[in-house]
Amino acid sequence: MAVTTTRDAFIGGEWIAGDGETIEVRSPWSGETVGSVTASSPSQVDSAVAAAAESFKTWRKTSVLERVEICRRAFTICMDRAEEIAQSITRETGKTIRESREEMIEFTADHFRRASEDVLRHAGKVLPSTQERSNDKRIVVVQEPIGVVAAISPWNFPVDIAGIPIVYGLAVGCSVVWKPSEHAPLCANLFAEVLDDAGFPAGTVNVVHGRGEVGSQLVTHRDVASVVFTGSTATGERVARDAGLKNRVLELGGNGPQIVLADADVEKAADAAITGCFYLAGQCCTAAERILVHESVKDPFLAALVERTKALRVGDPLDEATDMGPMCTSEVLQRTQEHLADAVAKGATIVLGGGHEGQLHEPTIVDGVTQEMRIAQEETFGPVAPIMTFRTLDEALEIANATEYGLTASVFTRSLHDAWHAAEELRHGTVHVNETTNYWDQLAPFGGAKSSGAGRELAGWIIDALTETKQITFDLAP
Ligand code: NDP
């Protein structure tokens, strides 16, 4: 069944047919056409930025109560349409329907609720004057909406991830131009309908479709003040160069280690590895890309992991019972296969899985992984649990840090001392103790160290990227 949505871009409050190529979206599961959109031409991208810049002039001055009321309405409309949008996400990307519902209900819709609470409590500061010995100065620090925000998003959480800068941007008084992933443009249009129906004024939110060059035009556009980009490290590096002096948040790739120490609860660690390696068929920036197990517990851990992996129901993502669906793109499937072949050629053993049928890759466990293998060094982004062993905690920490990435790590232990030591030594933006790498808290700062990105997002943490901090000094002397 095709997803019914407009095929057009949303510019200045109007749905406008794109002047560019037609981008067809095919289901990674069935290969059927799900729908299509038309790409925006460079002059249409300019029009979208111009509409955003024009609407910003008045939107930045609206009362916070008005912005909050629209956010509250949007929450209700988003919840009403959550199932429809979730179905579209699943058809476009191959995510299981349960994963898509989680994306819409637990993450996306809640951005409206959190943003409307956060902006009401977002306070400035009054600083004492330290420059002179008088009581005449008052220094006020405020955060003002920055202007036009470019939101560029990946396909794996196609609405939720874009929703962070869009919803928070609108709530603080910015206007937004969104370039969704070419792999998931239909759910993006459905979400834009939600924003339009909620009453965000024309031009405050705009959607342009197209491939990387449309994103690139936004990043370099002189009237875009802030870029919030989520995607691969390779694209992110280019965006960082192109963005120049613009404010920006970069949320990039990961190569997360899950460390299982000798005193760990191996059953709990195996449950965490299932979520870490196979949620969204491993196509998560926070996936457990390397499982580091103390040699003394390798056998019971592996047995527990194999048992659980065999129990996974793999197949049609629209089937309510399915635990793991297909991979979204043939490029990532091919890279997964290449990483496995490289690991086997260098001495690793495939314990379970390894094959694929079309885009459906088997949940795979590969043992005997060592540092020089591509699977240990690069982001695989597939449903694979690569097992590495170690003898001491310091050795585990060295392996865990020996990667260009630094997004999320986890450590399993009953020792408070070892947990604390590991948490301090792991060079990752997030460290979880006794929890899967794929654990997120919507109120906590999210972001990466090293090549996993720059800046933090989620809840109020994104506000720095969407505002300009301004100092205002008053001299009260007569
Ligand atoms: P890509 O980097 O391929 O694409 C991300 C977005 O950037 C897409 O909308 C893409 O457009 C666009 N784009 C491509 N080229 C440019 C350019 N030169 N300038 C501006 N925009 C451009 O990532 P994927 O969509 O494949 O997503 C998977 C990656 O995202 C993984 O590496 C994953 O780890 C990472 N990710 C990181 C997260 C985090 O929070 N740290 C969260 C989720 C994913 P188009 O697709 O239309 O070509």
Side-chain angles (χ1 to χ4, degrees), residues 20-21 23-25 28 37 39-40 45 92-93 95 103 107 150-165 177-186 188 207-221 224 227-243 246 248-256 279-289 327-333 335-336 378-382 403-408 428-430 437-438 440 442 444-458 461-462:
E21 61 171 326
I23 297 176
E24 199 176 32
V25 184
V37 292
S40 307
V45 175
E92 292 173 76
T93 68
K95 286 177 79 153
E103 170 168 355
F107 309 151
I152 303 174
S153 51
W155 61 264
N156 64 343
F157 291 83
V159 182
D160 159 47
I161 282 178
I164 301 167
V177 183
W178 177 18
K179 208 295 280 178
S181 165
E182 70 188 86
H183 300 292
L186 306 170
V207 182
V208 287
H209 293 292
R211 301 181 195 275
E213 62 274 9
V214 172
S216 180
Q217 189 184 342
L218 286 177
V219 172
T220 51
H221 203 293
V224 167
V227 176
V228 182
F229 171 85
T230 304
S232 63
T233 293
T235 315
E237 280 177 346
R238 180 162 171 204
V239 168
R241 279 195 302 273
D242 289 352
K246 290 185 201 324
R248 91 288 287 267
V249 169
L250 302 168
E251 297 288 352
L252 311 179
N255 188 11
Y279 176 84
L280 188 40
Q283 303 161 109
C284 242
C285 53
T286 50
E289 291 259 339
M327 299 186 69
C328 181
T329 70
S330 54
E331 291 79 19
V332 182
L333 184 126
R335 185 172 68 213
T336 304
E378 299 172 23
E379 181 183 50
T380 304
F381 222 52
T403 167
E404 65 166 309
Y405 298 99
L407 193 58
T408 305
H428 290 70
T430 301
T437 56
N438 270 339
W440 315 287
Q442 297 295 317
F446 182 84
K450 303 198 282 185
S451 296
S452 286
R456 294 294 180 267
E457 65 176 16
L458 284 183
W461 303 92
I462 187 79

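Remember, it's 1-based here, ligands and their atoms both numbered in the order they're listed. Please read all numbers here as calculations on a predicted model, not as lab measurements.
In terms of polar-atom proximity, L252 is counted as a contact of ligand 1, with an N or O under 3.5 Å from an N or O of the ligand. Note: an N/O pair closer than 3.5 Å links G210 and ligand 1 by distance alone. The N/O atoms of K179, backbone and side chain alike, include one that comes under 3.5 Å of an N/O atom in ligand 1. The N/O atoms of H183, backbone and side chain alike, include none that comes under 3.5 Å of an N/O atom in ligand 1.
Residue contacts with ligand 1, taken as heavy atom pairs separated by less than 4.0 Å, involve E251 via backbone and side-chain atoms alike.
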Can you list, pair by pair, the side-chain donor-acceptor contacts under 3.5 Å of residues 152-163, counting residues two or more places apart and other chains?
unit_1, atom_1, unit_2, atom_2, d
S153, OG, W178, NE1, 2.9
N156, ND2, Q283, O, 3.0
D160, OD1, H111, NE2, 2.7

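Not a single salt bridge (Lys or Arg N to Asp or Glu O under 4.0 Å) links E213 to another residue, sequence neighbours left out.
The protein atom (non-hydrogen) at minimum distance from atom 39 (C) of ligand 1 is C285 SG, 3.3 Å.
Close contacts of ligand 1 with G253, meaning ligand atoms under 4.0 Å from a residue heavy atom, involve 32 (O), 34 (O).
Put simply, the side chain of R456 gets close to the backbone of G448: a donor and an acceptor are under 3.5 Å apart. Looking at K95, its side chain never comes within 3.5 Å of a backbone N or O of L280 through a donor-acceptor pair.
Under a 4.0 angstrom heavy-atom cut-off, F381 registers as being in contact with ligand 1. In this structure, G448 has no heavy atom closer than 4.0 Å to ligand 1.
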